[in-house]
Amino acid sequence: MNKNKHLIVIAGPTAVGKTDLCLEIAKELNTEIISADSRQIYKELNVGTAKPSAEELQKVKHYFISNKSIHDFYTAGMFELDVLELLENIFRERDTILMTGGSGLYINAVCKGIDALPRVEKEIRSDLIKQYEKEGIESLRYSLQKLDPASYRTMDLKNPKRILKALEITIQTGRPYSSFLTRQSKKRPFNIHKTGLMRERDELYDRINKRVDQMLEKGLEAEAKQLFRYKHLNPLDTVGYKEFFEYFEGKISREEAIRLIKRNSRRYAKRQITWFSKDQEIKWFHPEQKEEIKSYIKKQISTC
RNA sequence: GGAGCCAUAGCUCAGUCGGUAGAGCAACGGACUGAAAAUCCGUGUGUCCCUGGUUCAAUUCCAGGUGGCUCCA
């Protein structure tokens, strides 16, 4: 453990005000920002992901924004490795760096680690998806019970994505998925200080609704239209885009699409809150408590 | 001034021939070690406008009040 190196995490639900505050703190600490956001990573996704503006990106160096394509396959596990590698380089030159974002799994992958899993061949995944589509989740459950009974016992058997994951690893390696999981949290060679931003629910929802209106003004619909042909790609399974796709397909009205974007963003925020509130290491603040946050961070850095 | 209609969940409304009530939307709670802005699970949250009356029992029937809407003046 290097006592002089610090990763400052600033987590929080969507639209709480992470971007503005982090820019300010980064400037104050004369450092840079690592984004932990599973959608801002993609260069094709802009308006709908509320990325920092070009101007803001110029003021403070950001990592993991627009550095992947929606055609790439990317996961939390890859994010862990990429960030650790980056941190090794960054910490040669500076002692402190910020990491901010709303993707709880990504943040955990960096802070606690995630068990290493092998890469899965495309055909295995697509075959399993075909099996799911043709024969339903029952069929997946049956396969799992046969191939990895340990996972079958502990897993949420109503969640197709979970079963699919376990099966693809098991089939790829010939070893049960459960045998890869140690669930041990990894030690990091640097200090981690977690803070979180939170607002009253009403206040947060109001900001979400308004931000969606702003996205529309900035051209969300045009962006979605351009990406419509890629709607089958996972990164496009995202609030703000998928609702517009439904509209383009004539399934819902434009008005309804906008209503659903707002609602789904609110629900997303709720899920983030549930995830983050489980993390006892997070010290919570209201985004307007700027001075308190800054002094808290400085204190954390100096007392370590 | 007179008459009629309405008042039930956050919203729009259904319902109870008298036995304390439900649907859509919204909301709320949770799970989550690799697609995570994803995926999955769970939950009616209620002075049935108020006050009396009738009744074993009133959100339901009756009367009055209050508020809203409409019509006649």
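Every chain is numbered from 1 and lettered A, B, ... according to where its sequence line falls, protein lines coming before strand lines. Predicted model, so just to flag it, every value in this text is computed and none were measured. Values reported hereafter were calculated over all heavy atoms of this structure, with side chains retained and with hydrogens, waters and symmetry mates removed.
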Asker: What contact category does A:Gly104 fall into here, base, sugar-phosphate, or nothing, at under 4.0 angstrom with non-hydrogen atoms?
Answerer: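 If one applies the 4.0 Å heavy-atom cut-off, A:Gly104 turns out to touch nothing in the nucleic acid.
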Asker: Quick check: A:Tyr296 with A:His193 (ring centres under 6.0 Å apart)?
Answerer: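 Between A:Tyr296 and A:His193, which both carry aromatic rings, the centre distance is not below 6.0 Å.
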Asker: Round to the nearest Å and state the distance from A:Leu233 atom CG to B:A35 atom P.
Answerer: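 Those two atoms, CG and P, are 15 Å apart.
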Asker: Expressed as a whole number of Å, how far does the P atom of B:U16 sit from that of B:G53?
Answerer: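 Those two atoms are separated by 27 Å.
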Asker: So does A:Arg39 get a side-chain nitrogen or oxygen closer than 4.0 Å to the phosphate oxygens (OP1/OP2) of B:A35?
Answerer: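 Looking at the OP1 and OP2 atoms of B:A35, neither is under 4.0 Å from any side-chain N or O of A:Arg39.
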Asker: Applying a 4.0 Å non-hydrogen cut-off, can you work out what A:Arg125 is touching in the nucleic acid: base, sugar-phosphate, or nothing?
Answerer: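 If one applies the 4.0 Å heavy-atom cut-off, A:Arg125 turns out to touch nothing in the nucleic acid.
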Asker: If you measure from the P atom in B:G44 to the same atom in B:U54, how many Å do you get, rounded?
Answerer: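 The same atom, P, in both gives a distance of 38 Å.
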Asker: Looking at residues at least two apart in the chain, or sitting in another chain, which of them share a side chain to side chain donor-acceptor pair (under 3.5 Å) with A:Glu288?
Answerer: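 Testing A:Glu288 for side chain to side chain donor-acceptor pair (under 3.5 Å), a comparison that skips the adjacent residues, returns none.
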Asker: If the C1' atom of B:G18 is compared with that of B:G24, how far apart are they to the nearest Å?
Answerer: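 Roughly 28 Å separates the two C1' atoms.
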Asker: In whole Å, measure the gap between the C1' atoms of B:U8 and B:G22 for me.
Answerer: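 Looking at atom C1' only, B:U8 and B:G22 are 10 Å apart.
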Asker: Are any of the side-chain nitrogens in A:Glu291 or A:Lys294 under 4.0 Å away from the carboxylate oxygens of its partner?
Answerer: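 A:Lys294 and A:Glu291: salt-bridged.
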Asker: Quick one, A:Ile33 and A:Tyr63 - any side-chain contact, counting heavy atoms below 4.5 Å?
Answerer: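 Not touching, per the 4.5 Å side-chain cut-off.
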Asker: Pairs counted as Watson-Crick or G-U wobble with both distances under 3.5 Å: what dot-bracket string results for RNA chain B, using | for bases tied to another strand?
Answerer: (((((((..((((.....[..)))).(((((.......))))).....(((((..]....)))))))))))).
Asker: Check every strand shown and say whether A:Arg119 touches a base, only sugar-phosphate, or nothing at a heavy-atom separation below 4.0 Å.
Answerer: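 Result for A:Arg119 = nothing.
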Asker: Please state whether the phosphate of B:A26, meaning OP1 or OP2, lies under 4.0 angstrom from any side-chain nitrogen or oxygen of A:Lys270.
Answerer: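 No, A:Lys270 has no side-chain N/O under 4.0 Å of OP1/OP2 on B:A26.
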Asker: Using whole Å, report how far CH2 of A:Trp275 lies from P of B:C40.
Answerer: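 For the pair A:Trp275 CH2 and B:C40 P, the rounded distance is 16 Å.
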Asker: Is the ring pair A:Tyr241/A:Phe245 parallel, tilted or perpendicular, if the boundaries are 30 and 60 degrees?
Answerer: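 Taking A:Phe245 first and then A:Tyr241, their aromatic rings sit tilted (interplane angle of 30° to 60°).
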Asker: Give A:Tyr241 one of three labels, base, sugar-phosphate or nothing, depending on what nucleic acid heavy atoms sit under 4.0 Å from its own.
Answerer: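 Touches nothing.
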Asker: Test side chain to side chain donor-acceptor pair (under 3.5 Å) on A:Lys51 and A:Asn46 and set out the steps.
Answerer: CA-CA 6 Å; A:Lys51 273 182 196 168; A:Asn46 292 296; 3.1 Å; yes
Asker: Identify each atom pair where a protein N or O and an N or O of nucleotides 43-45 of chain B are less than 3.5 Å apart, giving names and distance.
Answerer:
none

Asker: Using atom CG of A:Leu105 as one end and atom C1' of B:A36 as the other, report the distance to the nearest whole Å.
Answerer: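 Result: 6 Å.
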Asker: Counting only side-chain N and O atoms of A:Arg266, is one of them less than 4.0 Å from OP1 or OP2 of B:A26?
Answerer: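 For A:Arg266, the contact criterion (side-chain N or O under 4.0 Å from OP1 or OP2 of B:A26) is not met.
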Asker: Contact class for A:Arg162 (heavy atom, under 4.0 Å): base, sugar-phosphate, or nothing?
Answerer: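 Answer is base: heavy atoms of A:Arg162 come under 4.0 Å of a base.
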Asker: Which part of the nucleic acid, if any, lies within contact of A:Ser265, taking any heavy atom under 4.0 Å across all strands shown: a base, the sugar-phosphate backbone alone, or nothing?
Answerer: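 If one applies the 4.0 Å heavy-atom cut-off, A:Ser265 turns out to touch nothing in the nucleic acid.
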Asker: Is A:Ala116 touching bases, backbone alone, or none of the nucleic acid, heavy atoms closer than 4.0 Å?
Answerer: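 It contacts base atoms.
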Asker: Whole angstroms only, please: what is the OH-C1' distance between A:Tyr268 and B:U39?
Answerer: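 Checked: the OH to C1' distance equals 14 Å.
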Asker: What nucleic acid atoms does A:Lys112 come within less than 4.0 Å of, heavy atoms only: base, sugar-phosphate, or nothing?
Answerer: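 If one applies the 4.0 Å heavy-atom cut-off, A:Lys112 turns out to touch nothing in the nucleic acid.
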Asker: Please report the distance, rounded to the nearest Å, between CD in A:Glu168 and C1' in B:A35.
Answerer: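 In whole Å, B:A35 C1' lies 9 Å from A:Glu168 CD.
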Asker: Of the options B:G34, B:A27, B:U39, whose atoms approach the side-chain atoms of A:Tyr177 most closely?
Answerer: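 Between B:G34, B:A27, B:U39, the one nearest the side chain of A:Tyr177 would be B:G34.
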Asker: May I have the distance from A:Asn209 (atom CG) to B:A26 (atom P), rounded to whole angstrom?
Answerer: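 Value for this atom pair: 12 Å.
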Asker: May I ask you to verify if any side-chain N or O of A:Tyr205 is less than 4.0 angstrom from the OP1 or OP2 atom of B:G10?
Answerer: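 Checking A:Tyr205 against B:G10: no side-chain N or O falls below 4.0 Å of OP1 or OP2.
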Asker: Could you tell me whether the phosphate oxygens of B:A36, OP1 or OP2, come under 4.0 Å of any side-chain nitrogen or oxygen in A:Asn234?
Answerer: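 For A:Asn234, the contact criterion (side-chain N or O under 4.0 Å from OP1 or OP2 of B:A36) is met.
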Asker: Remember a base hit wins even if backbone is also touched, and classify A:Pro235 as base, sugar-phosphate or nothing at under 4.0 Å, heavy atoms.
Answerer: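 Touches nothing.
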Asker: What's the closest nucleotide to the side chain of A:Lys158 if the choices are B:C41, B:A31, B:C25?
Answerer: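 Selected nucleotide (nearest to the side chain): B:C41.
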Asker: Is any side-chain nitrogen or oxygen of A:Thr75 closer than 4.0 Å to OP1 or OP2 of B:A35?
Answerer: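 For A:Thr75, the contact criterion (side-chain N or O under 4.0 Å from OP1 or OP2 of B:A35) is not met.
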Asker: With nearest nucleotides of RNA chain B determined for A:Thr14 and A:Gly77 from heavy-atom distances, which residue corresponds to the more 5′ nucleotide?
Answerer: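 Result: A:Gly77.
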Asker: With a distance cut-off below 6.0 Å to the six-membered ring centre and an angular limit of 45° from the axis, does A:Lys225 pair with A:Phe248 as a cation-pi contact?
Answerer: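 Here A:Lys225 passes the 6.0 Å and 45° test against A:Phe248.
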Asker: Atom CZ of A:Arg267 to atom P of B:A27: distance rounded to whole Å?
Answerer: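 That distance rounds to 6 Å.
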Asker: How close or far is atom P of B:A36 from atom CG of A:Leu45, stated in whole angstroms?
Answerer: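 Those two atoms, CG and P, are 12 Å apart.
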